[in-house]
Amino acid sequence: MLQTIAWTGSAARLIDQTKLPTEVVYVDITDEKQMWDAIKRLVVRGAPAIGVAAAFGVYLGVRDFPEIDSKAFLTRVDEVCAYLATSRPTAVNLFWALDRMKAHARNMWGANPQRMPDTQVIPDIKDELLYEAKTMLAEDTAVCKAIGEHGMALIRQICGERKEYGVLTHCNAGSLCAVTYGTALAPIYYGAEQGVKFHVFADETRPLLQGARITAFELQASGIPVTVICDNMAATVMSQGKVCAVIVGTDRVAANGDVANKIGTLGVAILARHYDIPFFVAAPTSSIDPAIATGKQIPIEERDPREISHGLGRQTVADGTAIYNPAFDVTPAELVTALITEKGVLRPPYGEAIRKVLP
Ligand code: MRU
């Protein structure tokens, strides 16, 4: 399985997802500005991957900081985090990871207050920040595997005795959205390892085609049957009884269970309800934002109109035409059959279920 992010010893190595599926190119990121750009341009994308990449970005942003004193170093950590936080607004994993890095830097001194004025310890703190980013990388894989196990048990209950489990997904929430394994595709990878036969319908996911370019690419590479459909074909596929479940990922879950995910997810959820097909959302608990009461408060990224007018290698919209390009939408909790987390499957009412799994 592909690994989206790795530490080389001196750089964060990313698969450049803008080049998929025709080229598998790796880029080595060596400073925070390159990391900001990689997140902004979707070289690295998908909520969990953005979080882990940003954690390495923090380390890269402080590793050459000339040592003055501990206060200046912590100020530098805060500045790098504030800068990386401006790369993309919707995936809460970005802010979760940055907060964790800031807290780790402070805790290191908190645990050793006598060191506070001593500039000699700054290299140790730098090593600690790298260690924390590496820890997040390792944890992400474990979390995604747990999501896979819980999700597979759920899908087995739903799809039951069918010879082949047809599942529809939107955007990419597979190994390339995380370090490896992914969230929405984790149950499929886990099930396939147990011999379950899947057939995945991957929405193409306009405008940037993460479903066609990335989901289909990684499933095919793993030998899992996949069929790409244009976004406007999901209703037909559902009406023909080809899928027994829909599974998507999410960039942010509000405290009431509303979920933000790639634009088009809301339409898929409404269709699934119409055709009485369960609509599952797979997410690490780091994607839950308890500070946001409902999905209305989730900041939705708007991207360059050219992604729509010039996205397919040629101009498809006449010059001067108005274009609206929100990158995400919000699916209300009432359309979500279950949330699959590493801590188990959450059912409505989500407010209560979410409170129980958060620290
Ligand atoms: O704009 P992207 O490609 O970063 O959007 C990604 C998605 O919408 C994924 O479905 C989401 O991050 C969930 S991945 C666990």
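From a predicted model like this one, the values you see are computed outputs, not experimental measurements. Just so you know, ligand 1 is whichever comes first in the structure, and atom 1 is the first atom listed for that ligand.
Set against the non-hydrogen atoms of Phe328, the atoms of ligand 1 under 4.0 Å away are 1 (O), 5 (O), 8 (O). Atoms of ligand 1 lying under 4.0 Å from at least one heavy atom of Gly249, given by number and element, are 13 (C).
Remark: minimum distance from atom 15 (C) of ligand 1 to any protein heavy atom is reached at Thr183 OG1, 3.0 Å. For atom 6 (C) of ligand 1, the closest heavy atom belonging to the protein is Arg45 NH2, 3.5 Å. Of all protein heavy atoms, the one lying nearest to atom 11 (C) of ligand 1 is Asp251 OD1, 3.1 Å. Counting protein heavy atoms only, atom 14 (S) of ligand 1 is closest to Cys177 SG, 3.3 Å.
Using a 4.0 angstrom heavy-atom cutoff, Gly46 counts as in contact with ligand 1. The shell of residues lying under 4.0 angstrom from ligand 1, judged by heavy atoms, excludes Val248. Look at Arg88 and you'll find a heavy atom under 4.0 Å from some atom of ligand 1.
Glu164 and Arg162 are not joined by a salt bridge, as no carboxylate oxygen comes within less than 4.0 angstrom of a charged side-chain nitrogen. A salt bridge links Asp289 and Arg252; the closest N-O separation between the charged side-chain nitrogens and carboxylate oxygens is under 4.0 Å.
Side-chain polar atoms of Tyr350 and Glu334 form no donor-acceptor pair below 3.5 angstrom. Checked by atom type, the side-chain pair Asn325/Glu302 shows no donor-acceptor distance below 3.5 Å.
Remark: side-chain polar atoms of Arg100 are not paired, donor with acceptor, to backbone N or O of Phe95 under 3.5 angstrom.
Of all the heavy atoms of Lys262, the ones lying under 4.0 Å from any atom of ligand 1 are found in both the backbone and the side chain. Both the backbone and the side chain of Ala47 come within 4.0 Å of ligand 1, judged by heavy-atom distances. For Thr265, no heavy-atom contact with ligand 1 is shorter than 4.0 Å. Here Pro48 has side-chain heavy atoms under 4.0 Å from ligand 1, and that is the only part of it that gets that close. Of all the heavy atoms of Leu208, none lies under 4.0 Å from any atom of ligand 1, so neither backbone nor side chain is involved.
Residue Asp251 holds its CG atom at 9.0 Å from CD of Glu301, rounded to the nearest 0.5 Å. Here the CZ-CG distance, from Phe56 to Leu137, works out to 5.0 Å after rounding to the nearest 0.5 Å.
Considering both main-chain and side-chain atoms, Gln210 comes within under 3.5 Å of ligand 1 through a nitrogen or oxygen pair. Residue contacts with ligand 1: Asn261 is placed with a nitrogen or oxygen under 3.5 Å of a nitrogen or oxygen of the ligand (distance criterion only).
Remark: aromatic rings of Trp7 and Tyr131 are distant, center separation not under 6.0 Å.
By the 6.0 Å and 45° rule, Lys262 stacks over the aromatic ring of Phe328.
The only option from Arg41, Lys40, Gln34 that meets the side-chain hydrogen bond (donor to acceptor under 3.5 Å, both in side chains) definition with Asp37 turns out to be Arg41.
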